[in-house]
Visitor: 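Here you go, one structure.
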2 protein chains.
Amino acid sequence: MPISKTKKKKLTDMKSLEQAAECLRTLAHPHRLRIVQMLLQSEYTVGELAEACSIAPHMASEHLRKMQHCGFLESQKDGQRRYYRVVEPHLSNILACIEQRFG
Amino acid sequence: MPISKTKKKKLTDMKSLEQAAECLRTLAHPHRLRIVQMLLQSEYTVGELAEACSIAPHMASEHLRKMQHCGFLESQKDGQRRYYRVVEPHLSNILACIEQRFG
DNA sequence: TAAGTATATCGCGATATAGCGATATAAGCA
DNA sequence: TGCTTATATCGCTATATCGCGATATACTTA
């Protein structure tokens, strides 16, 4: 069980709902879903993720930027390449739920 | 455990990813999240949900139409009123994941 | 230093979505 | 039959998002 700051609120206030909606919108894209799925297994570079999704590297970079912005991912440089990884601990559960429904 | 048609696929094909993304986009709205949350507890009319979200009834109706379209909800008439309810069995799990992260 | 590779950013046109007033439909009631 | 209430749809504007070519930055290697 991951650490929770408080005693599990109810997610009724608009601010939390807006935040949840924003993160869901970020996740709600076929290529980004695929990227998250891969990153839950291992770290990957921009180019590797781009190739797996059959998209241009600069598009993958953009998707990764968005997901980094909402706290899903972080990255670290290794020479020319940059490795991305999942840092949001709940992402694994959420993806599991989605896979259970759509997989 | 709900019935699954097949042996849990991997959600790697584009078609499934697109479908998952579309449903997530439908869910990714603060008022719709609130509505789903309420409907997981009980059935409600359009007007009740509109009031709970502080939005006009015709806006709630539109949100409900979208969620019905992607298979989350169904409705039944009772005189003038129409009661909506959740019919997608995985929605409960998905909301629980979201609440765990953002609540 | 110059050329090549990996990644990121910019700016644009196309498309999608949001929100809203106006209007429509349908049921209940005087 | 008219009047009211509940819900749904239409048409529009504003805003957001998408995908892409062009360009920029940073690192590597010759």
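Worth saying up front: this structure is predicted, and the values here are computed from it rather than measured. Letters go in sequence order (proteins before strands), and every chain restarts at 1.
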Visitor: Among the nucleotides D:dG19, C:dT5, D:dA26, which one has an atom lying closest to any side-chain atom of A:Gln80?
Guide: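 Of the candidates, C:dT5 comes closest.
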Visitor: Rounded to the nearest angstrom, tell me the gap between atom CD in B:Gln68 and atom C1' in D:dA8.
Guide: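 Answer to the nearest Å: 12 Å.
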Visitor: Does the side chain of B:Arg82 get closer than 4.0 angstrom to OP1 or OP2 of D:dA8 through an N or O atom?
Guide: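 For D:dA8, OP1 or OP2 has a side-chain N or O of B:Arg82 closer than 4.0 Å.
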Visitor: Are B:Arg81 and D:dT5 close enough that a side-chain N or O sits under 4.0 Å from OP1 or OP2?
Guide: no
Visitor: Nearest whole Å is fine: how far is C:dC10 C1' from A:Arg65 CZ?
Guide: 11 Å
Visitor: Does a sphere of radius 6.0 Å around CD in A:Glu51 hold more than 12 heavy atoms from other residues, nucleotides or ligands, not counting ones at 6.0 Å or beyond?
Guide: no
Visitor: Just N and O in the side chain of B:Arg32: are any of them under 4.0 Å from OP1 or OP2 of C:dA18?
Guide: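 So the side-chain polar atoms of B:Arg32 do come within 4.0 Å of the phosphate oxygens OP1 or OP2 of C:dA18, strictly under.
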Visitor: Please report the distance, rounded to the nearest Å, between CE in A:Met67 and P in D:dC18.
Guide: 11 Å
Visitor: Whole-Å distance between D:dA8 P and B:Leu73 CG?
Guide: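 B:Leu73 atom CG is separated from D:dA8 atom P by 12 Å.
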Visitor: Given atom CE of A:Met59 and atom P of C:dC10, what is their separation to the nearest angstrom?
Guide: 15 Å
Visitor: Look at the side-chain heavy atoms of Ile, Leu, Val, Met, Phe, Trp and Tyr, link any pair under 4.5 Å apart, and say whether A:Ile55 and A:Leu73 land in one connected group.
Guide: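 No; tracing contacts between hydrophobic side chains, which count when under 4.5 Å, never links both residues.
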Visitor: Send over the distance from A:His69 NE2 to D:dA16 P, rounded to a whole Å.
Guide: 14 Å
Visitor: Starting from A:Leu40, can I reach A:Leu27 by hopping between I/L/V/M/F/W/Y residues whose side chains sit under 4.5 Å apart?
Guide: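 Cluster IDs for A:Leu27 and A:Leu40 match.
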Visitor: State whether A:Glu62 and A:Arg65 are salt-bridged, where the test is any N-O pair (Lys NZ or Arg NE/NH1/NH2 against Asp/Glu carboxylate O) under 4.0 Å.
Guide: yes
Visitor: Between A:His29 and D:dG19, is there a side-chain N or O to OP1/OP2 distance below 4.0 Å?
Guide: yes
Visitor: Where each residue is assigned the nucleotide of DNA chain D containing its nearest heavy atom, which of A:His58 and A:Asp78 is assigned the position nearer the 5′ end?
Guide: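 Nearer the 5' end of the strand: A:His58.
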Visitor: From CD1 of B:Ile55 over to C1' of D:dA8, roughly how many Å is that when rounded to an integer?
Guide: 14 Å
Visitor: Check whether any side-chain nitrogen or oxygen of A:Ser61 sits under 4.0 Å from OP1 or OP2 of C:dT7, and answer yes or no.
Guide: no
Visitor: Categorize B:Tyr84 for me: base, sugar-phosphate, or nothing, with a 4.0 angstrom heavy-atom threshold over every strand shown.
Guide: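 Sugar-phosphate only.
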Visitor: Identify which one of A:Leu39, A:Val46, A:Thr45 satisfies the side chain to side chain contact (heavy atoms under 4.5 Å, CB included) criterion when paired with A:Tyr83.
Guide: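 The option that passes is A:Thr45.
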Visitor: Ignoring the backbone of B:Glu62, work out which of D:dT9, C:dA8, D:dA26 is nearest its side chain.
Guide: D:dT9
Visitor: Any side-chain N or O of A:Lys66 under 4.0 Å from OP1/OP2 of D:dC18?
Guide: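 It does, given that an N or O in the side chain of A:Lys66 lies less than 4.0 Å from OP1 or OP2 of D:dC18.
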Visitor: Starting from P on D:dA26, measure out to CD on A:Gln76 and report it in whole angstrom.
Guide: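 After rounding, the gap between these two atoms is 19 Å.
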